[in-house]
Amino acid sequence: MSVYTTQDMPRVKIIGAGLAGSEAAWQCARRGVEVELCEMRPVRTTPAHQTGDFAELVCSNSLKSDSENTAPWLLKEEMRRAGSLLLEIARACAVPAGHALAVDRVTFAARVTEAIAREARITVRREEVTAIDEEEITIVATGPLTAEALAGEIARLGAQPSTSAAEAASQNGAEVAALKRCATQNPHLYFYDSISPIVEADSIDMGRVYMAARYDKGSADYINCPMTAEEYGVFYDALLAAQSVEERDWEKLNYFEGCLPIEEIARRGRDTLRFGPMKPVGLIDPRTGRMPYAVVQLRQENLRADSYNLVGFQNHLKFGEQARVLRLIPGLESARFLRYGQIHRNTYINGPTLLRETLQMKAHPRVLFAGQICGVEGYVESIATGLMAGVHAAALVLGAEPVAPPRASAFGSLTHYVAHADAKNFQPANITFDLLPALEKKIRDRKERHRVQCEAALREFDAWWARAGAEAAG
Ligand SMILES: Cc1cc2nc3c(=O)[nH]c(=O)nc-3n(C[C@H](O)[C@H](O)[C@H](O)COP(=O)(O)OP(=O)(O)OC[C@H]3O[C@@H](n4cnc5c(N)ncnc54)[C@H](O)[C@@H]3O)c2cc1C
């Protein structure tokens, strides 16, 4: 099918040998396509990486749940069927972690590096890339800590700073201004991403909360969790005592007023939270006719209203600590968390504006984006998009038209989100059942619903992979 002879076949240039870039390189190579893989470490490092190895896991060592019929399992199952190198290596160096797939991070990165080095079709260049030739088939996989010069180059290609995403992450005008200041003080397109925790709607005790909009302005869309002075005191003390994620120096330096973690706000005084994210004014509880002592507001995450985020509750606590402390909030005693709060530097482009579902740029179809920078969140999601970008880039080299994965699959749901989410409020997403299409037939039982969704996803995935994904793989 190739339109090229072996001699003049173009190679794929991959920038960044992190999770996405390493997987993408492998997928190209196993399709007979030559790759130039450029990685700046160890010549130049990032604020979070510690080694020169490829696919280094910068924080936790977990590749999330391996329990059958969970969304992270579904994504991994599709990756397994697609022959993901990194997933295979992860399984080979797994450590005991209950239902999760966790790895020995040092062994994992070392084995990925070895596998890539052994592959004759991949030429590794240890250098920082600062320019992109839009005529050359290129995968940009430089991650959330993309070096500044390249971030500027990406901006030149049309990827403007996603300040709208910063707006989405913030609560009010002052925060928006602070986030924008942060984005402009730092070169081109990165800013500090503050992520508030998200809970599943049906895990909220609706008997303990009330719907209201502040000062009754607009419709009563927010769920309000009211606190008495006593409940606030218990929550406040637990928050101050909770363990934070270890901070690296660069993170410490760069906190800014607009997206302070709640535990930092709390440290400023016992009542500071009550004048910030837990402000009760204008939120009269219709059941008592009175204003509570403090309020935690929950905002709907998606159209289906099956998940809510805790407004202004970005934090830097360890995940276990978050679950413990946030379950002290009235109504959230049995909350199931879809995502925990986080704060970290994050570079990503505005996927819905710039990308097709095949991860190709709309304006420069020979340039593809993969990993965190394309608008997904998480290790597994980064590897999965690397896999897809590798398959699509190889198709371009081999003279075929890249075909996006089906909407019903986990792969397709991720790329559908990246290409079609609300551009104004775009933020990177993990794989969750929220991203998958709802079933035509309503199934009330959660477990059964997820089982049926996974079954449908894998059926669609297999059909696509047989046509588009596997055909050129060696
Ligand atoms: C501080 C932090 C903590 C995180 N913790 C977690 C976590 O615990 N769990 C989780 O699931 N996700 C986490 N993430 C999110 C995300 O999953 C990881 O960042 C993941 O590594 C992203 O994969 P990637 O391939 O997109 O980028 P990376 O794995 O970061 O790979 C990008 C590579 O590109 C290289 N590079 C950058 N610029 C250039 C250039 N100009 N030229 C050449 N090479 C370049 C970098 O050196 C790097 O090797 C975290 C992110 C950050 C920033």
Side-chain angles (χ1 to χ4, degrees), residues 13-25 36-65 72 75-76 86 90 100-103 105 108-109 112-113 116 124-132 138-154 187-193 195 245-251 254 316 318-319 339-340 342-349 359 369-387 389-390 418 428-431:
K13 178 165 183 166
I14 300 179
I15 315 174
L19 297 173
S22 302
E23 181 70 42
E36 182 185 26
L37 178 61
C38 305
E39 170 54 56
M40 67 177 185
R41 290 177 296 117
V43 183
R44 190 179 165 185
T45 193
T46 79
H49 289 86
Q50 316 248 309
T51 73
D53 276 350
F54 298 161
E56 182 184 328
L57 303 178
V58 289
C59 191
S60 95
N61 64 337
S62 169
L63 272 66
K64 304 227 183 87
S65 175
L75 184 60
K76 287 196 281 287
L86 270 66
L101 171 61
V103 301
R105 76 180 68 236
F108 173 72
V112 173
T113 311
I116 298 288
V124 173
R125 296 205 192 292
R126 295 281 188 170
E127 61 189 30
E128 179 184 348
V129 176
T130 54
I132 296 170
T138 304
I139 300 175
V140 183
T142 43
L145 306 167
T146 296
E148 288 107 49
L150 191 72
E153 178 69 351
I154 293 166
H188 302 290
L189 79 166
Y190 71 77
F191 53 85
Y192 291 81
D193 199 8
I195 302 177
V245 173
E246 254 174 64
E247 287 174 350
R248 308 247 159 82
D249 285 349
W250 60 276
E251 286 174 319
N254 286 303
H316 219 195
K318 290 188 168 167
F319 288 176
R339 185 178 82 182
Y340 289 100
Q342 286 173 40
I343 296 182
H344 60 75
R345 181 180 139 190
N346 200 357
T347 309
Y348 61 92
I349 61 169
L359 304 173
F369 280 79
Q372 187 100 355
I373 197 167
C374 80
V376 294
E377 172 77 31
Y379 297 152
V380 184
E381 291 80 350
S382 295
I383 301 170
T385 51
L387 193 158
V418 163
N430 290 119
I431 187 72

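Just so you know, ligand 1 is whichever comes first in the structure, and atom 1 is the first atom listed for that ligand. Keep in mind the model is a prediction, meaning the values are calculated, not measured. Values below: every heavy atom of this structure, side chains too, minus hydrogens, waters and symmetry copies.
The two residues A90 and V103 come nearest to each other via the heavy atoms O-CG1, 3.5 Å.
For R126 (side chain) and G52 (main-chain N/O), a donor-acceptor pair under 3.5 Å exists by modelled atom type. A donor-acceptor pair is defined here as one N or O able to donate and one able to accept, closer than 3.5 Å; such a pair exists between the side chain of Q372 and the backbone of G378. Without hydrogens or angle criteria, K76 side chain to L63 main chain gives a donor-acceptor distance under 3.5 Å. Looking only at distances, a side-chain donor or acceptor of T385 sits under 3.5 Å from a matching main-chain atom of E381. Between the E39 side chain and the A17 main chain, a donor and an acceptor come within less than 3.5 Å of each other. With hydrogens and angles ignored, the 3.5 Å screen pairs no side-chain donor or acceptor of K64 with any backbone N or O of Y379. The backbone N or O of A102 sits nowhere less than 3.5 Å from a side-chain atom of S62 that would complete a donor-acceptor pair.
In this structure, the separation between CD1 on I154 and OG1 on T142 is 4.5 Å, given to the nearest 0.5 Å.
Close contacts between ligand 1 and E127 involve ligand atoms 43 (C) [criterion: under 4.0 Å to a heavy atom]. Near L150, the atoms of ligand 1 lying under 4.0 angstrom from a non-hydrogen atom of the residue are 41 (N). Applying the 4.0 Å criterion to heavy atoms of A20 picks out, from ligand 1, the atoms 25 (O). Every atom of ligand 1 is numbered from 1 in the order shown, and the set under 4.0 Å from a heavy atom of G371 is 26 (O). Interface atoms of ligand 1 facing E128, defined by a heavy-atom separation under 4.0 Å, are 41 (N), 42 (N).
At least one N or O atom of G378, backbone or side chain, sits closer than 3.5 Å to an N or O atom of ligand 1. Polar contact check, A147 against ligand 1: a nitrogen or oxygen pair lies under 3.5 Å apart. Considering both main-chain and side-chain atoms, Y379 comes within under 3.5 Å of ligand 1 through a nitrogen or oxygen pair. Of the N or O atoms in R41, one or more lie within a sub-3.5 Å distance of an N or O in ligand 1. Checking only distances, P144 never comes within under 3.5 Å of ligand 1, N or O to N or O. The shortest N or O to N or O distance between A17 and ligand 1 is not under 3.5 Å. Considering backbone and side-chain atoms alike, T46 places every N or O at 3.5 Å or more from each N or O of ligand 1.
Contacts between A141 and ligand 1 below 4.0 angstrom, taking non-hydrogen atoms only, involve the backbone exclusively. Residue contacts with ligand 1 for L19 involve both N, CA, C or O and side-chain atoms from C-beta outward (heavy atoms, distance under 4.0 Å).
The option with the heavy atom closest to atom 2 (C) of ligand 1, from among I373, V58, T146, I154, is V58.
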Item to check | Criterion salt bridge (charged side-chain N to carboxylate O under 4.0 Å, His left out) on R41 and E56, from CA distance to verdict | outcome: CA-CA 11 Å; R41 290 177 296 117; E56 182 184 328; 3.5 Å; yes
